[in-house]
Amino acid sequence: MKTATLTAVLFSVFLMPIYGQINPVENLTYWSSYTGSDTYFRLDWDVPETGNDPLVGYNIYRGNELYRFQTENFICHVIPEMDEPCMNDTGEFIWNSGNPFWTHVTAVYSTNHIESIYNDSIYIEGPLIGIKKIKKQKRILYPNPATGMVYMENEHIQKILVFDLNGKIVKKFNPKSQLDLSALPKGIYLMKLLGEEKQYVEKIVLQ
């Protein structure tokens, strides 16, 4: 009896302070929207309280599969406004899943990557397509891929913003029929076209 009591006390004194610092993330939330030909989303969670054991990042899971480890407490593919871009994911989180899936996030502590449990999980149905019938419109930007000069056909556009894949605005245009992108490095860009009533987002490949 004394041995069992002593063991319980030792567990409480030595092990509980270690595992007591492994707090899970809280308040996991998800938002998604369909704009133009793409799905935008944001997955957020609160930073857990930490003690002696330092928080080093988070593991993001799609079902039982680890999607990636990161240090930010959100994952997003969103361009909400011109001054608040948010794109630390290219959209692979939902586009490459193939089927609907449950997602959860665990906190990772210390240099040994001790992983917390998770309290919240969210069911994600994948890309938002086919929610409502969208009429096929005349191509707004062409050619695509382009070598530098891009042409636009839409008289209702009021402003044009060009983003790189990190969500940084690299070019701004007032509406005109010819857009010169030749100063930008070769690669993939997102062009957000702000209209009177609608907004369009198109991917442009510069070769």
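Closest heavy-atom contact between F101 and R62: CE1-CG, 3.5 Å. Of all heavy-atom pairs spanning N64 and Y61, the tightest one is O-CD2, 3.9 Å. The minimum heavy-atom distance linking P24 with N119 is given by the pair CG-ND2, 3.3 Å. Smallest separation of non-hydrogen atoms from F41 and I94: CD2-CD1, 3.5 Å. Shortest non-hydrogen contact noted between N88 and Q70 is ND2-NE2, 4.2 Å. Shortest non-hydrogen contact noted between E49 and Y109 is O-OH, 4.0 Å.
In this structure, the separation between CE on M87 and OH on Y40 is 7.5 Å, given to the nearest 0.5 Å. Rounded to the nearest 0.5 angstrom, T29 OG1 and W45 CH2 are separated by 9.5 Å. Rounding to the nearest 0.5 angstrom, the gap separating the CG atom in D44 from the CD1 atom in I75 is 10.5 Å.
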Quiz item: Should I204 and I188 be marked as a side chain to side chain contact (heavy atoms under 4.5 Å, CB included) after you check the CA-CA gap, both sets of side-chain angles, and the distance that decides it?
Solution: CA-CA 6 Å; I204 290 288; I188 300 174; over 6 Å; no

Quiz item: When you look at D89 and R68, which way does the side chain to side chain contact (heavy atoms under 4.5 Å, CB included) test go after all the steps?
Solution: CA-CA 11 Å; D89 188 86; R68 76 184 191 197; 3.3 Å; yes

Exercise. Please lay out, stage by stage, how K159 and K172 fare under the test side chain to side chain contact (heavy atoms under 4.5 Å, CB included).
Key: CA-CA 8 Å; K159 182 171 295 219; K172 297 180 182 180; 5.8 Å; no

Exercise. Assess whether side chain to side chain contact (heavy atoms under 4.5 Å, CB included) is satisfied between I60 and L66, documenting all intermediate values.
Key: CA-CA 6 Å; I60 302 172; L66 176 63; 5.7 Å; no

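For the pair R42 and Y30, the cation does not sit on the ring face, since its NZ or CZ is not both under 6.0 Å from the ring centre and inside 45° of the axis.
The side-chain heavy atoms of L28 and V105, taken from C-beta on, include a pair separated by under 4.5 Å. A heavy-atom distance below 4.5 Å is not found between the side chains of D120 and V25. S121 is not listed as a side-chain neighbour of T103, based on a closest heavy-atom distance of 4.5 Å or more. Side-chain contact between M191 and L161 is absent, with no heavy-atom pair separated by less than 4.5 Å. Proximity of D53 to I22: side-chain heavy atoms (C-beta onward) are separated by under 4.5 Å at one or more points. Side-chain contact check for Y67 versus F93: some heavy-atom pair is nearer than 4.5 Å. The shortest side-chain heavy-atom distance between M152 and S177 does not fall under the 4.5 Å cut-off. Annotation: side chain of K176 is not in contact with side chain of I160 (no heavy-atom distance under 4.5 Å).
Not a single ring pair (Phe, Tyr, Trp, His ring centres under 6.0 Å) links W31 to another residue, sequence neighbours left out. Looking at residues two or more places apart in sequence or on another chain, you find a side chain to side chain contact (heavy atoms under 4.5 Å, CB included) between V47 and L55, Y58, N73. Taking the side chain to side chain contact (heavy atoms under 4.5 Å, CB included) definition, one finds that L184 meets it with V162, V170, L181, Y189, L206, sequence neighbours left out. Y118 pairs by the ring pair (Phe, Tyr, Trp, His ring centres under 6.0 Å) definition with H104, not counting sequence neighbours. Under the ring pair (Phe, Tyr, Trp, His ring centres under 6.0 Å) criterion, Y151 pairs with Y142, not counting sequence neighbours. The side chain to side chain contact (heavy atoms under 4.5 Å, CB included) check on T147 picks up nothing, with sequence neighbours excluded.
Side chain of N174 to main chain of Q158: no donor-acceptor pair is present (N/O by atom type, distance under 3.5 Å, no hydrogens or angles). Panel note: side chain S182, backbone G148; no donor-acceptor pair is recorded below 3.5 Å.
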